[in-house]
Amino acid sequence: MPINQTYTTEQKKALAARLRLFRENCPKPYTDRHCSQEDVARALNITRSNYTYFEQGKTIPNIFLLQKLADFYAVSVDKLIGSHMNETG
């Protein structure tokens, strides 16, 4: 997506769902089950409430935070945002 594009509600919800899924399947050593929002927020150097807004689809992380999230989860930014599903023509 172009950097200046306005995100649709569906795109925000899709990213929010992917962020929740990645956190819930977070690799160890964070916890036996999943990372907390606080764990992820601390790694990004943001507040838990800011991260919660990402998972709720209220806000979209900027490109720098997306890269930090991808690094945290050891995936590419493309995989994190599911860009292969948003390609057109």
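From a predicted model like this one, the values you see are computed outputs, not experimental measurements.
In this view, Thr9 satisfies the side chain to side chain donor-acceptor pair (under 3.5 Å) rule with no residue, not counting sequence neighbours. Residues that satisfy the side-chain contact (heavy atoms from CB on, under 4.5 Å) test with Ile60, not counting sequence neighbours, are Tyr7, Lys12, Leu15.
Remark: Arg42 engages Asp39 in a salt bridge, criterion side-chain N to carboxylate O under 4.0 Å.
Counting heavy atoms of neighbouring residues, nucleotides and ligands inside a 6.0 Å radius, atom CG of Asn45 does not exceed 12 of them.
Using a 4.5 Å heavy-atom cutoff, the side chains of Phe54 and Ile46 are in contact. Looking at heavy atoms from C-beta onward, Thr52 lies out of side-chain contact with Thr47 at the 4.5 angstrom threshold. Side-chain atoms of Leu69 and Tyr51, non-hydrogen and from C-beta on, do get closer than 4.5 Å to each other.
Closest of all the heavy-atom pairs between Ala70 and Ser76 is CB-C, 3.9 Å.
Residues Tyr53 and Leu65 fall into different hydrophobic clusters, defined by Ile, Leu, Val, Met, Phe, Trp and Tyr side chains chained together at heavy-atom separations under 4.5 Å.
At least one donor-acceptor pair closer than 3.5 Å links the side chain of Arg20 to the backbone N or O of Glu55.
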